[in-house]
Amino acid sequence: MTASLTRRVDELLAGAFAACGLPTETARASRASRPELADLQCNGVMPLAKAAGRNPRELAAAIATALGERAEFDEVGVAGPGFLNLRLSAGFLAECAAAQASDHAHAGIEQVDTGLVMLDFGGPNVAKPLHVGHLRTLVIGESLRRILDAQGVRTLSDTHLGDWGLQMGMLLSELRLRFPDQPPGTLPPLTEHDLQVLYPEAAAACRADPARMDAARAATAALQAGDPDAYKVWSELRRISLEAQTRDFDLLGAHFDLLLGESDVQPLIPGMIADLRERGIAVESEGALIVEVATPDEAKPMPPLLLAKSDGAALYATTDVATLLARKREHDPARIIYVVDQRQALHFEQVFRAARRAGYADGIELIHAGYGTVNGPDGKPYKTREGNAAQLSDLLGDAIERAAERLPETTPDAERETLARLVGLAAVKFADLSSFRTSGYIFDAERMVSFEGRTGPYVQYACVRIGSILAKAASQGASAGPIAVTAPAERALVLECARLPDVVASASRNLAPNEIADYVFALAQSFSRFYSECPVLAADTDAERGSRLALCALTRMVMEKALWLLGIAVPERM
RNA sequence: GCGCCCUUAGCUCAGUUGGAUAGAGCAAUAGCCUUCUAAGCUAUGGGUCGGUGGUUCGAAUCCACCAGGGCGCGCCA
């Protein structure tokens, strides 16, 4: 049983608070904002002083006196209006580091059981290649999945394919126009590229020509009515495009337990609508079927959810509610997290409210983890020079190519490709996960692949250097020994490693992978400093070398774990 | 019109339950490779946290108003 450093300190603080007759909710330590004064600080005394009718500094002093006698602390001081400054003892730090290092499975990350969590991300549309708009949902969604997984939470990821609706009708009718002689129920020979341009052209034609749009609607209706020929062509289209999309998923390292789509819940819809009608939840309005989701006591306007068009056709929202129903029936998760563009916030609010009214979400916490857009240098959503949405594979390919150019001359040819891919993808992912989910960011290819400073490759590089030391140590027969914390850079590094459990817990609570990115960069910085200040193999004594080797191993374990949470893998060399 | 989000260093962005002197990277300047990978390390300069008022021991953070920007708002997804 390895309690994290902060957890152990929190317990000591809570004991001291209680001994002074104070509530213990705020008896928590955080990283010191002024490292020259302390390792950790506690701000929890000040808010309590007023309620207790006591002077905050006196209260803090009483706690400091009690704590200062413990072996875990070298010094406990009071500063300013009542900050508690904690300086940890070298022995305690060494003990915590050893405990964390021995936890090979979790690196100290606290395991929790919050019930099954379903993650909905990716969401590619059939016959449309993944584009820049899919980058964030895949990168953030996968990171959240890994963060939960690292906490021991059971997860189920589903990409929720856009494989139904009018877009399919557009495609089917477009194919019929282009290949009038094609036997019904068969797909003409199309290359992947043909398929990719088919949809944009079909959509444009439908927008421009009402007759084309009518044909698309008719084809949609036929497919939804179960026309066997339409179904055969559709399912072939779906298979081919999913193959290409799966390659992009694999390249990005996005893992899906389920590859379900909108089409999978269509059979549920008629029954669902009948049920909602019967119970008076769905009502007619202007010819369409809606669900009122506004509450009377609420000032904020909340438009109703449109459940079916006046012609009876199902909509995006219909499918989303039905998907919720299906997930409830088949998996009964405790939570569903939708990693979808922030611009769809209102849509999800409506879907969630409708599902709750219908009782389809009982016992399920529904969360829309929205994200901001990827923007070009002009601050507007990223476009290619031709004005189209850039394809995801092009974007990633570009980063990988630039990474390849940066590789040292000495890199063996056999490794170049793998290495460039690891480094290029790390650059893209780290840049994406560095800013908070809901804020958009400017995708500046030049900056991102410079690989200097606060980048994925910087962190990978730190990790590679650790590996290099450990490999050399092994070849020299030097082995790790007990950890002793003496040099300032060693102390800082141990403290940084010890933060991992807190950071993971917080990132999970806030669904914020950027907290992990912040952390892993700080850890890499901390190691880089240690690297330049503390010789390992050339340490003064065997004991010092052994301790530093152990520190290197601990740091690598923590760093690799943190990078894994971001979906970033570490090469052997770079 | 209504609603939601945003505004922090020249640029791109962080900023935990309100906490001490608001941080990082890039760019700029000055150093550091006969020692474990210089994709690195060290140091310096750079700020009216959009504006005004309020809440309190304390506000980038909470509240109100104002200015500027983005996004969304029943028969698309």
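Here is the naming used below: chain letters follow the sequence lines, and residue numbers restart at 1 for every chain.
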Revision key, fill the gap. Comparing nearest nucleotides in RNA chain B, the 5'-proximal residue of the pair A/I290, A/G162 is A/I290
Exercise for review: Please tell me which of A/N125 and A/S506 maps to the more 5' nucleotide of RNA chain B, matching each residue to the nucleotide holding its nearest heavy atom.
Suggested key: A/S506
Between atom [atom1] in [X] and atom [atom2] in [N], what is the gap in whole Å?
{"X": "A/Q460", "N": "B/A38", "atom1": "CD", "atom2": "C1'", "result": "17 Å"}
{"X": "A/L511", "N": "B/U16", "atom1": "CG", "atom2": "P", "result": "16 Å"}
{"X": "A/Q342", "N": "B/C71", "atom1": "CD", "atom2": "C1'", "result": "9 Å"}
{"X": "A/R217", "N": "B/A77", "atom1": "CZ", "atom2": "C1'", "result": "13 Å"}

Point to revise | A/F451 ring center within less than 6.0 Å of A/Y458 ring center | key: no
What is the minimum heavy-atom distance between [X] and [Y], and which atoms define it?
{"X": "A/A358", "Y": "A/I281", "result": "CA-CD1, 3.8 Å"}
{"X": "A/K429", "Y": "A/L566", "result": "CD-O, 3.9 Å"}
{"X": "A/R406", "Y": "A/E452", "result": "NH2-OE2, 3.2 Å"}
{"X": "A/C534", "Y": "A/A487", "result": "SG-CB, 3.9 Å"}

Check your understanding: On a plain distance test, is the side chain of A/D341 in donor-acceptor contact with the base of B/A77 below 3.5 Å?
Key -> no
Review point. Between the side-chain atoms of A/S33 and the base atoms of B/A20, is any donor-acceptor pair under 3.5 Å?
Key: yes
Review point. Is A/R499 salt-bridged to A/E496, going by a charged N under 4.0 Å from an acidic O?
Key: yes
Taking OP1 and OP2 of [N], is either one under 4.0 Å from a side-chain nitrogen or oxygen of [X]?
{"X": "A/R465", "N": "B/A38", "result": "yes"}
{"X": "A/Q525", "N": "B/G25", "result": "yes"}
{"X": "A/S439", "N": "B/A14", "result": "yes"}
{"X": "A/R402", "N": "B/A39", "result": "no"}

Point to revise | A/F443 and A/Y382 aromatic ring geometry - parallel, tilted or perpendicular at 30°/60° bounds | key: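 Plane angle over 60°, so perpendicular.
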Check your understanding: What is the nucleic acid contact for A/L407, judged by heavy atoms within less than 4.0 Å: base, sugar-phosphate only, or nothing?
Key ->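 Touches a base.
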Exercise for review: Indicate, with a heavy-atom threshold strictly under 4.0 Å, whether A/E262 touches base, sugar-phosphate, or nothing.
Suggested key: sugar-phosphate
**Study point:** Under 3.5 Å on both distances, the Watson-Crick or G-U partner of B/G68
**Key:**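 B/C6 is the nucleotide pairing with B/G68.
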Check your understanding: Using a heavy-atom distance cut-off of less than 4.0 Å, which residues of residues 304-311 of chain A contact RNA chain B?
Key ->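 Nucleic-acid contacts, sorted: A/P304, A/L306, A/K309, A/S310.
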